[in-house]
Each structure stands twice: as structure tokens, then as C-alpha cells.
Amino acid sequence: MERVNVYLNSEIGELEGVILHTPGAEVENMTPENAQRALYSDILNLNVARKEYSQLSGVLSKVAKTYEVVDLLEKVLKNEENREYLLEKICRHENAMSLFDYLLDIDAKQLARMLIEGVPLVRNTLTNFLSKERFALRPLYNFYFTRDASIAIGEDVLIAKMANAVRDRESIIMEAIFSRSGIFNTQTINPTTFSNPADVTIEGGDVLVVRDDILLIGNGIRTNTHGIDFILSRFLARDDKRKRHILVQELPYKPESFIHLDMVFTMLDFDKCMVYEPIILQPNRYQTVHITIDKGKVKEIKTVDNLLVALKSLGIDLKPIVCGGTKDRWIQEREQWHSGANFVAIGPGRVIGYGRNINTLEEMNKNGFEILRAKDIVAGKVDMNSYQKYVVALDGSELPRGGGGARCMTMPFRRKPIKW
């Protein structure tokens with residue numbers, strides 16, 4: 001099989017390849033007692049969540065090659081050497097080496113699901129019998145947010161260092177998929193092999209590739225300054241003659257809806273972006289920092305007014321569309337909470353987001369975006385190719401309760417190049 005080249009130099013280039021994970025039994029393995037530990041504020045109805053997710057995957061399959069995490073993981077596990085390598089890495093990391101031989105004997109298809117949905121605790125010792133845990137390896141409750149565990153930048157894939165240990169296995173699996181599935185032609189970059197793992201945190205929701213020389217990175221509860229310095233060091237290591245730029249946006253630690261930059265800012269088109277106005281445009285205490293790299297060295301670090309001002313100085317002039325509309329701050333807060341600023345582009349001016357955020361969609365419609373219902377596209381009632389600029393509206397009653405939107409639920413690894 002011919003390998004697929006990873007290539008991503010923008011947020012809006014025509015989408016060609018994307019990795020998804022349809023929510024599975026891991027979601028139903030969450031209870032009110034363990035929801036907070038799983039980084040959720042509520043528990044989801046899996047049946048409804050899967051129906052909503054099928055709209056996202058159905059739309060994406062019409063425009064790009066889609067891959068499911070569980071299928072890619074199965075390919076990794078079918079190779080005996082890969083299986084031993086991955087199981088040892090996971091078991092050692094989670095202090096569960098007693099499971100190694102047991103897991104080694106399970107067929108690849110079942111094992112792939114167990115590594116995501118959880119490995120039940122066998123109560124064959126007094127310790128296990130008295131344990132209040134249900135799983136020896138906990139379910140990966142958050143894996144349908146495939147954006148976070150790996151980040152395509154150019155031809156490379158940056159492996160995330162998650163801020164919460166409950167998500168570490170996601171990064172381990174994604175690294176194995178990109179380096180050992182035989183599907184992808186890329187180089188993985190893992191900060192844990194270069195830095196002190198205790199210092200660095202990086203998650204994909206905080207990293208936006210605007211242009212091949214411009215990264216936007218959120219600095220908040222999930223991505224810290226050490227993580228950003230690591231990304232900076234990788235840019236410096238290129239030591240080429242081009243100028244490169246990293247724009248850093250500080251984020252509030254509370255409420256939890258501000259966990260990533262893509263919850264307050266996403267790209268929509270060559271000349272438009274979605275913003276949560278109180279953080280991105282209004283005066284506040286959260287700094288925006290512009291780092292300029294020239295010939296492999298940091299030339300300048302300075303604060304700037306906001307992301308849009310900095311981008312304009314680099315030749316990207318964006319009109320902001322306001323999440324929640326411009327009429328009421330409370331409406332803005334409500335729609336931002338349900339991922340109203342979180343859109344993923346399938347091409348310039350063609351994006352996907354939640355239909356529930358009606359004030360946000362109304363603002364987009366005023367700015368030339370046709371509103372298309374995902375269910376109509378999947379059913380073949382609407383042809384996206386008949387429209388130049390549009391937003392595909394997903395049904396969203398359960399999925400938003402997980403704390404993320406369309407960008408969070410997609411890991412693009414290949415887009416057609418664009419020229420600004």
C-alpha cells in the first residue's frame with residue numbers, strides 16, 4: 001500500500017485527509033462519580049452522541065479521505081513487533097505491567113477496542129477485589145476529540161503532551177499510528193524525548209497553523225509556556241533563512257470552556273475568522289505575544305494589541321465574525337460555552353459547526369455564509385458543491401456537552417496548499 005504524505009500549511013486549505021474517532025463504549029463507561037476525573041462536567045447519551053457524530057463523519061467523507069482511530073490502531077497491533085512495543089509502552093506508563101502477557105494474547109481487532117474502551121479489572125487478588133476501580137486500564141473518554149493528541153505542522157506530526165494523565169494514552173496511540181501503522185509518510189516529534197515531561201504540556205486545540213510561516217498558540221490550562229518554548233525550539237532548529245512567527249494568546253483558566261485557543265478563535269476563510277469578542281478583541285488582562293524568528297534565532301518577542309492586529313501586520317487581514325452575535329454579552333457567553341467559536345474548515349469559506357448556536361450562525365449568514373444542514377447533506381438532499389461559501393450545521397445536543405466542537409473532533413493531516 002502506498003503511504004499517504006502528511007502535509008498541512010493552513011487551517012483552511014481544501015481538506016484531503018482527516019482522522020476521526022466515533023464515540024464508543026468508553027463514553028458509556030463514564031459515571032457521575034468519575035466524570036470530573038474524565039474531564040467532563042456531565043455524562044453523555046451514547047446513542048444520541050453517535051447519531052450526531054455520524055453527521056460530522058458523513059459530511060467529511062464526501063470531501064476527504066477519513067480514517068478511524070480504531071482501524072488504524074488495529075493495523076498497528078497486527079504486527080507482532082509493534083504490538084509488543086506499544087503494549088509495553090502503555091503498560092509501563094500506566095504502571096500495569098501485570099496486564100502485558102494477558103493483552104499480548106488478544107487478537108488485534110478486540111485489543112484495539114480495549115485500549116480505547118478500557119480493560120476491566122480482574123478481581124483475582126485481594127487488592128483488586130477491594131479496589132473501587134472498575135478498570136485496570138481506564139477508558140479514553142475524550143478520544144473523540146482527536147484534535148488534541150497530535151498536530152500536523154507542515155510535513156511533520158507533533159505529538160501532544162497532555163495536561164492531564166487521563167489522556168496520555170491518546171498521545172501514545174497517535175504516535176504509534178503515525179509511525180507504525182504503515183499508512184503515513186511523516187516524522188513524529190515527541191516533546192517527551194527532548195524535554196522534561198513534567199515541564200511541558202501541549203494540546204492540539206491550542207495550535208493553529210495559519211500559514212506555513214505562522215503559528216497561533218494558546219497559552220492556558222492545557223498548553224503551558226514550556227510547551228510553547230518547545231515548539232519554538234523546533235522552529236529554531238530548522239535554521240532556514242525564512243522569517244517565521246509564533247503568535248501566543250493567553251487564555252483564562254476559568255470557565256472550562258476556555259480550555260483551548262480554538263474555543264475562542266478559528267479561521268473561516270482567507271479574510272474571515274470567528275472570534276469570542278471579550279477575549280480576542282476587547283481590552284483585557286490576557287496578553288497577545290508576537291515572537292519573530294529569523295535565520296534560526298529569536299529576533300524579537302513583544303506584546304501586541306490582539307491576534308488580528310498581529311496577523312494584519314503579517315499580510316493576513318481578517319474580518320472578525322462574533323461568536324454569539326453582537327447584541328448581548330450573555331448570549332455570547334452561552335454560545336461560546338457550547339463551542340460557538342469552534343469551526344473546522346473543509347476549504348476556504350466552507351466550514352462545519354454546531355447548528356444550536358443560532359446567533360453565531362446568523363452572524364455568519366450576514367457575512368455571506370449559506371447555512372446548510374448536515375443531515376440534508378448526508379441524506380443527499382443538498383449538494384455542497386452548489387455553494388461557494390457555507391457553514392454546515394451539525395445537530396448538537398449531546399456532543400457539545402463533552403466540551404468541544406467540530407474542530408476538536410477532527411485531526412486533519414493533509415490539506416491542499418494555499419497561497420495567500
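The figures that follow rest on heavy atoms only: side chains count, while hydrogens, waters and symmetry mates do not. Nothing fancy with the numbering, it's 1 onward along the sequence. Worth saying up front: this structure is predicted, and the values here are computed from it rather than measured.
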For the side chain of R169 and the backbone of L115, is there at least one donor-acceptor N/O pair under 3.5 Å apart? yes
The reported gap from CZ in F369 to CZ in R350 (rounded to nearest 0.5 angstrom) is 11.0 Å
Quick one, R407 with E11, criterion side-chain contact (heavy atoms from CB on, under 4.5 Å). Give me CA distance, side-chain angles, the key distance, then yes/no. CA-CA 10 Å; R407 188 178 190 274; E11 289 286 311; 3.0 Å; yes
Stepwise side-chain contact (heavy atoms from CB on, under 4.5 Å) test for V351 and M274: CA-CA 11 Å; V351 300; M274 176 60 61; over 6 Å; no
Strictly distance-based, threshold 3.5 Å: is any side-chain N or O of R123 a donor or acceptor partner for the main-chain N or O of N128? yes
Hey, can you tell me if F184 and F178 have their rings parallel, tilted or perpendicular (30° and 60° cut-offs)? tilted
Regarding K65 and the six-membered ring of Y67, is the cationic atom NZ or CZ under 6.0 Å from the ring centre and inside 45° of its axis? yes
Side chain of E398, backbone of N45: donor and acceptor closer than 3.5 Å? yes
Tell me if the CZ atom of R113 is crowded by more than 12 foreign heavy atoms within 6.0 Å. no
Using a cut-off of 6.0 Å, state whether more than 12 heavy atoms not belonging to E84 lie near its atom CD. yes
Taking the six-membered ring for Trp, are Y144 and Y53 parallel (under 30°), tilted (30 to 60°) or perpendicular (over 60°)? perpendicular
Is there a side-chain contact between F413 and V157 in this structure, where contact means two heavy atoms from C-beta onward sitting under 4.5 Å apart? no
Would you mind reporting whether L46 and L44 have side-chain heavy atoms less than 4.5 Å apart? no
No-hydrogen, no-angle side-chain donor-acceptor test under 3.5 Å, E203 and T223: no
What's the shortest heavy-atom distance between M114 and L103, and which atoms? CE-CD2, 4.3 Å
R138 with E133: basic N within carboxylate O range, under 4.0 Å: yes
Residue pair G355 / A393: nearest heavy atoms and the distance that separates them: CA-CB, 3.7 Å
Any side-chain heavy-atom pair from L314 and W420 closer than 4.5 angstrom? no
Does the distance from a Lys or Arg side-chain N to an Asp or Glu carboxylate O, for D395 and K375, drop under 4.0 Å? yes
Exactly one candidate in K419, K243, R244, R242 meets salt bridge (Lys or Arg N to Asp or Glu O under 4.0 Å) with D212; the answer is R242
Give me the atom names and distance for the closest heavy-atom approach of L77 to R83. O-NE, 3.2 Å
Flag, side chain of R415 to backbone of E14, donor-acceptor distance under 3.5 Å: no
Enumerate donor-acceptor pairs with a distance under 3.5 Å from any side-chain N or O in residues 300-309 to protein atoms, sequence neighbours excluded.
unit_1 : atom_1 : unit_2 : atom_2 : d
N306   : OD1    : L308   : N      : 3.0
N306   : OD1    : V309   : N      : 2.8

Is there a donor-acceptor contact under 3.5 Å linking the side chains of E170 and H21? no
Regarding S397 and E52, is there a side-chain donor-to-acceptor distance under 3.5 Å anywhere? yes
My understanding is that only one of N342, I279, L251 makes a side-chain contact (heavy atoms from CB on, under 4.5 Å) with M263; could you say which? N342
Whether over 12 other heavy atoms sit under 6.0 Å from Q282 CD: yes
So which atom in G13 and which in S10 form the shortest heavy-atom distance, rounded to 0.1 Å? N-OG, 2.8 Å
Pair R234, D156 - check salt bridge (Lys or Arg N to Asp or Glu O under 4.0 Å), show working. CA-CA 11 Å; R234 299 306 301 172; D156 301 329; over 6 Å; no
Between I151 and V207, which heavy-atom pair has the shortest distance, and what is it? CG2-CG1, 3.9 Å
Between Q336, E333, H338, which is the residue that forms a side-chain contact (heavy atoms from CB on, under 4.5 Å) with S257? Q336
Where Y286 and N284 come nearest, the two heavy atoms and their spacing: N-OD1, 2.8 Å
